[in-house]
Number of protein chains: 2
Amino acid sequence: MSVRSLCLAILSFGDATGYEIRKESTEGRFSYFEDASFGSIYPALARLESEGLVTVREEPQAGKPARKVYSITEAGRTEFINSLCEPQAPDTFKSPFLLIALNAAQLPPEVIRRALERRKAQVQEDLRLLTDTHKDKECPHPGSGWTRDFGIACMSFTLAYLEEHGEALINIAEDAARPLAPAAE
Amino acid sequence: MSVRSLCLAILSFGDATGYEIRKESTEGRFSYFEDASFGSIYPALARLESEGLVTVREEPQAGKPARKVYSITEAGRTEFINSLCEPQAPDTFKSPFLLIALNAAQLPPEVIRRALERRKAQVQEDLRLLTDTHKDKECPHPGSGWTRDFGIACMSFTLAYLEEHGEALINIAEDAARPLAPAAE
DNA sequence: GGACACATGTAATCGGTTACATGATTAC
DNA sequence: GTAATCATGTAACCGATTACATGTGTCC
């Protein structure tokens, strides 16, 4: 999914500035689709505008540069919905944490412990973000409720698993660290 | 994580050719870390060799180009382990499926149904891959058992959730498709 | 007869990140 | 004082993909 489609997707949920789109895509709910930086978002928005898929209105502000608030047009909405009807790329999960887990026996226990804590904190943070979202008005997008519930379920499960089996992973590293004293004390 | 580190990671589990590394990274167990294409793998291996982190031996074959089998060196192993001790990038999950789910009310039910089936098939395939892996000898890498169990647990949960709540998502699309006949049949 | 798996490698291209440029306001 | 948030935009750079080039063996 390109930055272009990402902008369309976010704008289909409401007006936004480039700055806000970046935030949503790196932290907010839309981080599950793609994350992008300013250097790609601003050019993408300019292009979308020249194609008539979005419109801009400038809101001057004292001190700061004028906010450029983008709105999706009917043409933009159509293009977005049509793009969703075409076959999508498969979901992907990339996990530096699992690479550490895979090599637990070759790493110091402290590294494993830190990686585990970090991963748990990350899941907790994602979970918190999702749980807080339910204050949104749910009229225009009933799909967001389903999506949120799915995310909460999967992450709660992941967190519980890490909490229950994390110690076992640390043990692997510890057992490998002193292979000469097998089962003592 | 760069293609360079990916090659090191895969080679730390055993010798491989560029062709095999690509396969492992796009289909195999290593697809959870990074996937890469020939155009990036071959140059990366050449560079690793010039740096002394891997060695090559050529195995001539009749008809086909000679297989160039790469092995990791001690220096390569050290570099790999050290890189794992440094703070890693956070895990990411990118889901075109969830984007479709989010917009369920705006899409034809048929599209939702297809996306759900596709996602379920994908999880089943990943699950199958993971379950088949247990024939590996487990002496040198006890971490692979933990990692596999973790993957199996999360995916089984995901699959069960999709099977249980998939119908609800389709209903969202169906209800939105005929908003004038609320509950009648 | 055609598609696919095996097997390596290069060149053109491209999408996106990082760093730079600018600057007020607010919180610690 | 100094860091963070808000706010836009450009230019250099870079890693990686795509397409190309080459060729055999095997399955359907």
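Naming: A, B, ... by sequence-line order, numbering from 1 per chain.
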Trainee: Determine the contact category for Ala46(B): base if any of its heavy atoms lies under 4.0 Å from a base atom, sugar-phosphate if only primed atoms, P, OP1 or OP2 are that close, otherwise nothing.
Mentor: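 Touches nothing.
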
Trainee: Is Lys23(B) close enough to dC6(C) that one of its side-chain N or O atoms is under 4.0 Å from OP1 or OP2 there?
Mentor: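 The answer is yes; a side-chain N or O of Lys23(B) sits under 4.0 Å from OP1 or OP2.
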
Trainee: Are Glu51(B) and Arg4(B) ion-paired here, with the side-chain N under 4.0 Å from a carboxylate O?
Mentor: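 Salt bridge between Glu51(B) and Arg4(B), a charged N being under 4.0 Å from a carboxylate O: yes.
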
Trainee: To the nearest Å, how far apart are Lys94(B) NZ and dG15(C) C1'?
Mentor: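 Roughly 16 Å, once rounded to whole Å.
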
Trainee: Quick one: sort the Phe33(A) and Phe30(A) rings into parallel, tilted or perpendicular, breaks at 30° and 60°.
Mentor: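 Ring orientation, 0 to 90° scale: perpendicular.
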
Trainee: Measure CE/Met1(B) against C1'/dT17(C) and give the value in whole Å, please.
Mentor: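 Whole-Å distance recorded here is 20 Å.
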
Trainee: Does one side chain, of Ser5(B) or Ser2(B), offer a donor that lies under 3.5 Å from an acceptor on the other?
Mentor: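 Yes, Ser2(B) and Ser5(B) have a side-chain donor paired with an acceptor closer than 3.5 Å.
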
Trainee: To the nearest angstrom, how far is Asp35(A) atom CG from dT18(C) atom P?
Mentor: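 Interatomic distance, CG of Asp35(A) to P of dT18(C): 10 Å.
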
Trainee: Under 4.0 Å: is that the gap between some side-chain N or O of Gln61(A) and OP1 or OP2 of dC6(D)?
Mentor: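 The answer is no; no side-chain N or O of Gln61(A) sits under 4.0 Å from OP1 or OP2.
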
Trainee: What is the distance from CD of Glu58(B) to P of dT8(C), rounded to the nearest Å?
Mentor: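 From Glu58(B) CD to dT8(C) P: 9 Å.
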
Trainee: So does Tyr19(A) get a side-chain nitrogen or oxygen closer than 4.0 Å to the phosphate oxygens (OP1/OP2) of dC6(D)?
Mentor: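 Looking at the OP1 and OP2 atoms of dC6(D), one of them is under 4.0 Å from a side-chain N or O of Tyr19(A).
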
Trainee: Apply the side-chain hydrogen bond (donor to acceptor under 3.5 Å, both in side chains) test between Gln122(A) and each candidate in Arg118(A), Arg119(A), Gln124(A); give the one that qualifies.
Mentor: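 Single pass found, and it is Arg119(A).
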
Trainee: Whole angstroms only, please: what is the OH-C1' distance between Tyr42(A) and dT17(C)?
Mentor: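 My rounded result for the distance is 15 Å.
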
Trainee: Using whole Å, what does the distance between atom P of nucleotide dC6(C) and atom CZ of Arg22(B) come to?
Mentor: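 Roughly 10 Å, once rounded to whole Å.
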
Trainee: Can you check the Glu34(B) CD to dT17(D) P distance for me, whole Å?
Mentor: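 After rounding, the reported distance stands at 8 Å.
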
Trainee: Ignoring backbone atoms, establish whether Ser40(A) has a side-chain N or O less than 4.0 Å from OP1 or OP2 of dT17(C).
Mentor: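 Checking Ser40(A) against dT17(C): at least one side-chain N or O falls below 4.0 Å of OP1 or OP2.
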
Trainee: Nearest heavy atom decides the nucleotide; on that basis, is Val3(A) or Gly39(B) closer to the 5' end of DNA chain C?
Mentor: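 Residue closer to the 5' terminus by nearest nucleotide: Gly39(B).
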
Trainee: Take the protein atom NZ of Lys68(B) and the nucleotide atom P of dC6(C), then report the distance between them rounded to whole Å.
Mentor: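 Roughly 19 Å, once rounded to whole Å.
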
Trainee: Would you say a side-chain N or O of Ser37(B) is under 4.0 Å from OP1 or OP2 of dT18(D)?
Mentor: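 For dT18(D), OP1/OP2 do not have a side-chain N/O of Ser37(B) under 4.0 Å.
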
Trainee: Does the distance from a Lys or Arg side-chain N to an Asp or Glu carboxylate O, for Arg114(B) and Glu117(B), drop under 4.0 Å?
Mentor: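 No, Arg114(B) and Glu117(B) are not salt-bridged.
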
